[in-house]
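For ligands, and for the atoms within them, numbers begin at 1 and follow the listed sequence. These numbers come from a predicted model, not from an experiment.
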Amino acid sequence: MSFHNPQANIILTGFMGCGKTTVGRLLAAELGRIFIDTDDHIARQQGLSIAQIFAMRGEAVFRQLERELAAELTVPASLVIATGGKMLLDPVNAGLLTQGGVILSLAASPAEILRRIKADKNHMRPLLDGDLSINRIEKLLKERRAGYAAFRQLETDHRDPAEIVRDILQAVYSVTSKKE
Ligand code: S3P
């Protein structure tokens, strides 16, 4: 999908704490688009927080819910979509969302990720439960690095959300002009 289609969705992936939700919400407001956060969508649909879904039903059920949602997000509909940190590391999910838009990955250093996650008291991360440490973040990042590298990546360290929004708009336009 190219951004030439004015309805192409802009989809954000990347590790926990890289700013997908904060930046996605701001980007949507700037463009006057509808914003969807896949974690929020699943939590509302299930009537449970993500942490409760992990604890009561298990990670496999959560991943299945992500796959079901991915299958609903294939149409270009002028959306800004912030995905859960692992959703698009499943190539089937990434393929489905690519049908409707352009995927970008937000990145940050392990130290910055740790700082942001510690500051975000409202958002529980079950995968870091009991071990919110730089070592755990580095380990997970190492496992996932190649997956995120499949997408155009934008660094977010030392940048505020408004600057990242500008970077995204630039990236989205250059992705499309390269395809011409
Ligand atoms: C996860 C990231 C979380 C959420 C779930 C699992 C992951 O989303 O989907 O806790 O495996 O990276 P955020 O990236 O929005 O924190």
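- The closest approach between a heavy atom of T21 and any atom of ligand 1 is not below 4.0 Å.
- For ligand 1, the polar-atom distance check against D39 finds a nitrogen or oxygen pair separated by under 3.5 Å.
- Applying the ring-ring contact (aromatic ring centres under 6.0 Å, His included) rule to F62 yields the partners F54; only residues at least two apart in sequence or on another chain are considered.
- By the 6.0 Å contact criterion, CD1 on I34 is open, its count of non-hydrogen atoms from other residues, nucleotides or ligands being 12 or less.
- Between M124 and A51 the shortest heavy-atom distance is CB-CB, 4.0 Å.
- Nearest protein neighbour of atom 12 (O) of ligand 1, counting heavy atoms only, is R144 NH1, 2.7 Å.
- Here is the list of ligand 1 atoms found below 4.0 Å of a heavy atom in H123: 15 (O), 16 (O).
- The R63 neighbourhood of ligand 1 comprises atoms 6 (C), 7 (C), 11 (O), with distances under 4.0 Å to a heavy atom of that residue.
- Residue contacts with ligand 1: L127 is placed with no nitrogen or oxygen under 3.5 Å of a nitrogen or oxygen of the ligand (distance criterion only).
- A salt bridge is defined here as a Lys NZ or Arg NE, NH1 or NH2 lying under 4.0 Å from an Asp or Glu carboxylate O, and K20 with D37 fails to meet this definition.
- Of the candidates R125, K20, M87, R125 brings a heavy atom nearest to atom 16 (O) of ligand 1.
- In the model, R57 has no side-chain atom that pairs as donor or acceptor with a side-chain atom of Q52 under 3.5 Å.
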- Query: Can you check salt bridge (charged side-chain N to carboxylate O under 4.0 Å, His left out) on K142 and E138, steps first, answer last?
  - Reply: CA-CA 6 Å; K142 199 167 157 202; E138 276 171 351; over 6 Å; no

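- The shortest contact between atom 1 (C) of ligand 1 and any protein heavy atom is with G85 N, 4.0 Å.
- The closest approach between any non-hydrogen atom of E59 and ligand 1 is not below 4.0 Å.
- For ligand 1, the atoms closer than 4.0 angstrom to any heavy atom of P126 are 10 (O).
- Salt bridge status for E143 with K139: present, with a side-chain N to carboxylate O gap under 4.0 Å.
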